[in-house]
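The sequence lines fix the lettering, A, B, ..., with proteins before strands; numbering per chain opens at 1.
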Amino acid sequence: MRVRFAPSPTGQLHVGNARTALFNWLLAHGKDGTFLLRIEDTDIERSTRESETGILEDLRWLGLEWDEGPDVGGPHGPYRQSERLHLYASYANELLAADHSYYCFCSPAKLDADRQEDLAAGRPPRYHGTCRAIARADAQARIEGGDRPVVRFRVPESEEVRFQDLVRGEVVFNTDVIGDFVLVRSDGRPQYNFAVVIDDALMEVTHVIRGEDHISNTPRQILLYQALGFTPPEFAHLSLVMGPDHTPLSKRHGATSVSEFRARGYLPEALVNYLALIGWSPRTDGGSGEHDAELLPVDEMARRFAIEDVGHSAGIFDVEKLAWMNRHYMKAAAPARLAAESLRYFTARGYVSRRTDEAMEYVSMILPMAVGSVDRLEEIPDRLRFLFDFEPAAALARAEVAEVVHSNGARDVIVALADELRGAGRLDRDGFRAAANRVKQRTGQKARALFHPIRVALTGEAGGPELDLAVPAIDRGADLPSSAGIAPIVGCRERAELFARMVK
RNA sequence: GUCCCCAUCGUCCAGAGGCCUAGGACGUGGCCCUUUCAAGGCCAAAACACGGGUUCGAAUCCCGUUGGGGACGCCA
């Protein structure tokens, strides 16, 4: 089995396309097949090398490695359509010679007028066949005279083209709704349907798995396979991914490209796992009726994947469910990896200025306070901002903080805390607990009435990670030398002092 | 407009004629845990689009309606 993913490098890798790539990858990996990557860059106006590089990077980040492709090569290369032009030219001539295609000299204006006419008359817009009967010699003469025609495929009339779609079953099209489509543009570059067929045939692709938006291209391509004497592959058309309003997932729905999700702090395994579950679910092994867990490593998904099990209807991209998965995978991730992945967000906030061993160690230390309670890596620094941004005046100005301070006995607690901390040593977990205990004895406050004011005085916030973790983190951070590359952290003693002064 | 595809909780799926009093997950609500906010645990509410058939029996099969999506380019 040979499958392929064939993006055009005209922008970033869209999550919908990433899902298509994933399904191809899953199929190949579950069946010991080959997954190849082909770059469809025949649209020279829009294709860029930057996009290509970005797409390759995103696929690799997702873990969807390919066996053959533009950068790794393979036995059926080149894998970039712009480098295969000679192949298309040769097959175009073959089709011309066999009279399966012909030169068309119609101007864009004429074509457009025809289209408008069809639409107005309630007919499906299709090529009128104006140049169908131009004699070869006449065409040749016009070309020599400087005309630059396109090559059109001669679509047979009133024929039924049918194919067994692996996910949808039999699909039938009548050729009467298909106009003679362009094979080669006037500048000699191949048109999509033509290049795809030649490449898929030559690259020996056995299963074409792509988005549903290509389903109406399939009869055209089958016609081409037949004219060229190639055997068509199996086809499977995946339903599309929509936004919550049932319109195609686009910018106004938020992030749409893999790189955006990456930038926002989603883990690749979370995105992959989530994407696989749009339109597919792991088949239940037993007959228990119980649905298997949805959280699956990609190899396990590949093991269970069957293209026939893929759903028929469009799926809506649910950011909430993705967030849930991401939370899960963040908790499961190795601390060192998480620290490395989160560093950029700390840097962006100005919390870390240089990547030093001490900085990494500190980030690793404070990470557990945030992981598990945030949806994305990007949100981690904000959850930990109390470490770096301690401003009692601004804190007091916030309603929820003021409320705590004004509750009964809160001032006493804060004053006592400041006093206790003056003589306290290291505020590790035990040190903090001891100090809190002394404050408890002095003020008679306990539980919420005790810890809430302490939290506010030490973090400037009414909520946040457990103090058992937060206080030692502050204490440790305050001791860091400036060479550590961490933004200066105000120590607990000073925090309590400042706060006590403000509430007196 | 024409052609093609699709239709189970708000969302993603399970369900391949009796196992369905329609199951799971996310989300939502409640409760619990708890020194806070989250997280976590437990419980609950929540769907077979509609109308006709076929059948002893239909969420499951057929037809239609409605609704949604896609395609109709010298884009891919």
query: Using a distance-only test with no angle check, is there a side-chain donor-acceptor pair under 3.5 angstrom linking A:D147 and A:Y103?
result: no

- request: Could you verify whether a donor N or O on one side chain and an acceptor N or O on the other, from A:D41 and A:S82, lie under 3.5 Å apart?
  value: yes

Expressed in whole Å, how much space separates the [atom1] atoms belonging to [N] and [M]?
N     : M     : atom1 : result
B:C31 : B:A14 : C1'   : 29 Å
B:A49 : B:U60 : C1'   : 16 Å
B:C6  : B:C63 : P     : 12 Å
B:G24 : B:A47 : P     : 14 Å
B:G27 : B:G64 : C1'   : 36 Å
B:C13 : B:G30 : C1'   : 26 Å
B:G23 : B:C9  : P     : 14 Å
B:U34 : B:C42 : C1'   : 16 Å

task: Indicate whether OP1 or OP2 belonging to B:U35 is found under 4.0 Å from a side-chain N or O atom of A:K440.
output: no

field: side-chain N/O A:R152 vs B:C74 OP1/OP2, d < 4.0 Å
entry: yes

Within the 4.0 Å heavy-atom criterion, would you say [X] contacts the bases, only the backbone, or no part of the nucleic acid?
X      : result
A:E45  : nothing
A:G279 : sugar-phosphate
A:H214 : base
A:V150 : base

query: Side chain of A:S186, base of B:C74: donor and acceptor closer than 3.5 Å?
result: yes

- prompt: Checking only heavy atoms, does the side chain of A:E294 share a donor-acceptor pair with the base of B:G24 at less than 3.5 Å?
  reply: yes

field: Minimum heavy-atom distance between A:R19 and A:S239, given as atom pair plus value
entry: NH1-O, 2.9 Å

field: A:D245 atom CG, neighbour heavy-atom count above 12 within 6.0 Å
entry: yes

- prompt: Using 30° and 60° as the class limits, which term best fits the ring planes of A:F390 and A:F499: parallel, tilted or perpendicular?
  reply: tilted

- prompt: Going by 5.5 Å between centroids and 30° between planes, is there a stack of A:F451 over B:U35?
  reply: yes

task: Could you let me know what B:U35 is paired to, Watson-Crick or G-U wobble, both distances under 3.5 Å, or none if it's on its own?
output: none

